[in-house]
Structures are given as structure tokens and as C-alpha cells.
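Structure first, commentary second.
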Amino acid sequence: MSVFFVTGTDTGVGKTIASRAIMQAMQDAGKQIVGYKPIATGQDEPVYTDILDDASSDYGKEDNRDVLILMDSTKENVNYRDVNSYTFSHSVPMITIESERIQQAKLDQDLARLAQSYENVLVEGSFGWLSLINRELTFGDWAASHQMPVVLVVGIKEGCVNHALLTVQSIEKMGLKLVGWIANRINPGLSHYAEILASLERKIDAPLLGKIPYIHRPEKQELGHFITEIERLTSLD
Ligand SMILES: Nc1ncnc2c1ncn2[C@@H]1O[C@H](COP(=O)(O)OP(=O)(O)O)[C@@H](O)[C@H]1O
Ligand SMILES: [Mg+2]
């Protein structure tokens with residue numbers, strides 16, 4: 001049994017795509033795995049409180065893209081509420097009044113239920129490592145409270161070396177195991193891709209688990225073969 005956490009150098013760097021790749025690779029290796037997205041956020045940017053989400057449900061329309069991709073990437077029969085604790089239509093509920101609805105106890109319970117039911121659970125954070133869950137808690141704090149091993153997804157672009165190394169430093173400082181990192185080519189036009197990759201390999205003291213090339217509609221594809229070091233994850237349990 002393993003529960004591990006997927007973080008990224010930023011939002012939009014490919015955490016969800018890399019999570020799909022990891023889940024497919026684990027399943028190709030004969031392992032059972034589900035993905036869990038504790039807090040899913042949308043695109044809306046509310047200015048007035050009267051357009052906040054309806055507080056009577058934690059799930060809104062149950063249409064968050066990340067949650068649906070994680071559901072589509074597992075062979076297990078999971079429903080939306082099994083693999084998500086909160087869905088917001090807003091982009092950053094964790095830093096607005098809406099954050100008062102986010103209870104760590106619910107995240108802990110939902111995670112415990114998945115961990116009891118499945119061999120492996122991949123947890124996809126939101127935004128980056130030290131992004132907030134609510135007024136006090138960061139995703140890193142929460143991952144540390146469960147001693148989750150961490151996979152770092154680096155979206156290869158300008159500035160990613162800085163973001164990657166700061167994230168690695170923080171993961172290590174919090175006493176967590178960095179299982180490895182994934183290079184995700186989110187920008188096909190970027191020059192010096194190979195040099196950036198080589199710099200990251202030199203400076204990150206954890207294995208490169210795989211490289212995901214730039215792909216058309218990656219959320220629809222088979223991506224498992226891009227994770228070339230999957231035994232680092234299959235051997236966690
Ligand atoms: N390797 C890739 N090739 C092409 N597009 C990608 C790739 N990885 C991610 N994307 C696209 O970039 C966007 C952000 O990816 P996503 O996995 O949702 O990032 P995150 O989970 O970190 O926010 C999505 O539209 C996704 O389809
Ligand atoms: Mg995502």
C-alpha cells in the first residue's frame with residue numbers, strides 16, 4: 001500500500017498529465033491505483049461574495065477537469081466524490097472567505113478511505129508545493145502530516161530551474177522523501193530544452209522518473225511508457 005503526493009513547479013505545468021502517466025504506468029506494471037484530487041478549482045475569479053459557490057454542496061457541478069482526468073486514468077470504478085473532497089468554480093478559494101469551508105479532517109477521512117480500499121493512491125495537489133489549503137495549512141504541511149513521499153513535476157520553461165530547486169529544498173527540509181521528478185515538455189518552442197534538462201539532472205538529487213514530450217491532447221492518450229523509472233513508485237509499498 002502506498003500513498004504518494006504529486007506536486008509541481010507551478011500551476012499549469014502538467015501535474016494532472018503526469019499523474020495520468022504515472023497511473024497508467026503503475027497499471028501497466030500490474031498495480032492497482034486511484035488518483036485523488038483533494039481540492040479542485042475552476043477558472044472563475046469572483047469579485048463579489050454574492051456569486052460565491054453554493055455552500056450547501058462541496059462539489060458544485062462535479063465537472064472539474066482534473067478530477068475527471070484522474071477518474072478516466074484509473075481502471076477502478078470510482079465516482080466523483082470518492083476522489084475529490086471539494087470542487088470550487090473559483091480559481092483560488094483557498095485564499096478567500098471560501099477557504100473557511102475547507103476542513104483538513106475531511107481531506108484526512110477521504111484519503112484514509114481510499115488508502116484502505118486501494119493498493120496505491122496518487123494525490124494531486126493544487127498549484128505548487130507551499131500553496132495554501134486554507135488560511136493556515138499548506139499542501140506541503142498536509143503531505144508532511146501524512147509522511148507522503150513526493151513526486152515533483154517540472155514543466156520545462158524559463159524559470160523552472162529556480163522553481164524546481166526551491167521546491168526540492170522545501171520538500172527535503174520538511175523531512176519528506178522525494179521519490180523523483182518528471183520533466184514535462186509543455187512548450188515545444190522553448191530553446192535550450194536539453195540544457196535545462198541537463199541542469200536539472202545535475203542539481204536535483206533524486207531520479208528523473210520520466211520525460212513527457214509535447215503531445216496533442218495528452219489527457220486522451222496512453223502516457224504510461226514515458227515513465228521509465230516506474231519501479232521507484234511500484235517499490236514504495
Ligand atoms: N506534455 C504535454 N504536451 C502538451 N500539452 C500539455 C502537456 N502537459 C500538459 N499539457 C497541457 O497543459 C495544460 C496544463 O496541464 P495540467 O496537467 O492540467 O497542469 P497542472 O495539473 O499542473 O495544472 C493542460 O491544458 C494540458 O493539456
Ligand atoms: Mg492539475
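When a ligand or atom number is given, it counts from 1 through the structure's own listing order. Nothing fancy with the numbering, it's 1 onward along the sequence.
Taking 4.0 Å as the cut-off, Gly8 does not count as a neighbour of ligand 1 on heavy-atom distance. Put simply, no part of His216 is less than 4.0 Å from ligand 1, judged by heavy atoms.
Sparse packing is recorded around CD of Gln169, with 12 or fewer heavy atoms of other residues, nucleotides or ligands lying under 6.0 Å away. More than 12 heavy-atom neighbours from other residues, nucleotides or ligands sit within 6.0 angstrom of CZ on Arg185.
For residue Ser19, no N/O/S atom approaches the Mg ion (ligand 2) to within less than 2.8 Å.
A distance-only check finds a donor-acceptor pair linking the side chain of Arg20 to the backbone of Glu219 [under 3.5 Å]. Of the possible polar contacts, none joining the Asn184 side chain to the Ile186 backbone as a donor-acceptor pair under 3.5 Å is found. Of the possible polar contacts, one joining the Ser126 side chain to the Ile39 backbone as a donor-acceptor pair under 3.5 Å is found. The backbone N or O of Met71 sits nowhere less than 3.5 Å from a side-chain atom of Thr74 that would complete a donor-acceptor pair. With hydrogens and angles disregarded, a donor-acceptor distance shorter than 3.5 Å links the side chain of Ser99 to the backbone of Thr96. At distances below 3.5 Å, not a single donor-acceptor pair connects side-chain atoms of Gln147 with backbone N or O atoms of Lys177.
Within Glu124, the N/O/S atom positioned nearest the Mg ion (ligand 2) carries the name OE2. Of all N, O or S atoms in Asp66, the one lying closest to the Mg ion (ligand 2) is OD2.
Of the protein's heavy atoms, at least one falls inside 4.0 Å of atom 21 (O) of ligand 1. Within a 4.0 Å radius of atom 14 (C) of ligand 1, the protein contributes at least one heavy atom. In this structure, atom 24 (C) of ligand 1 has a protein heavy-atom contact shorter than 4.0 Å.
In terms of polar-atom proximity, Asn184 is counted as a contact of ligand 1, with an N or O under 3.5 Å from an N or O of the ligand. Of the N or O atoms in Ile212, none lie within a sub-3.5 Å distance of an N or O in ligand 1. Taking only nitrogen or oxygen atoms, main chain and side chain alike, Ile17 reaches within less than 3.5 Å of ligand 1. In terms of polar-atom proximity, Ile186 is not counted as a contact of ligand 1, lacking any N or O under 3.5 Å from an N or O of the ligand.
Classification of the Phe139-Phe5 ring pair by plane angle, with boundaries at 30° and 60°, yields tilted.
When only non-hydrogen protein atoms are considered, atom 4 (C) of ligand 1 lies nearest to Ile215 O, 3.0 Å. Among protein heavy atoms, the minimum distance from atom 6 (C) of ligand 1 is reached at Pro218 CG, 3.7 Å.
A salt bridge does not link Asp110 with Arg81: none of the charged nitrogens is closer than 4.0 Å to a carboxylate oxygen. By the 4.0 Å N-to-carboxylate-O rule, Asp58 lies close enough to Lys106 to be salt-bridged with it.
By heavy-atom distance, the residue among Arg217, Lys37, Arg65 lying nearest atom 26 (C) of ligand 1 is Arg65.
Counting heavy atoms under 4.0 Å from ligand 1, residue Pro213 touches it through the backbone alone. When non-hydrogen atoms are compared, ligand 1 lies under 4.0 Å from neither the backbone nor the side chain of Val153.
Hydrophobic clustering (ILVMFWY, side-chain heavy atoms < 4.5 Å, transitive): Val6 and Ile182 are in one cluster.
For ligand 1, the atoms sitting less than 4.0 Å from at least one non-hydrogen atom of Thr11 are 23 (O), numbered in the order shown with element in parentheses. Within ligand 1, the atoms closer than 4.0 Å to a non-hydrogen atom of Gly12 are 14 (C), 19 (O), 20 (P), 22 (O), 23 (O), numbered from 1 in the order shown. Shown in contact with Glu219 at under 4.0 Å from a heavy atom are these atoms of ligand 1, numbered in order with element: 27 (O). Under a 4.0 Å criterion applied to the non-hydrogen atoms of Glu124, ligand 1 contributes the atoms 21 (O). Close approach of ligand 1 to Gly14 (heavy-atom distance below 4.0 Å) involves ligand atoms 15 (O), 16 (P), 17 (O), 19 (O), 20 (P), 22 (O).
Note that Arg101 lies outside the cation-pi zone of Tyr86, set by a 6.0 Å cut-off to the ring centre and a 45° limit from the axis.
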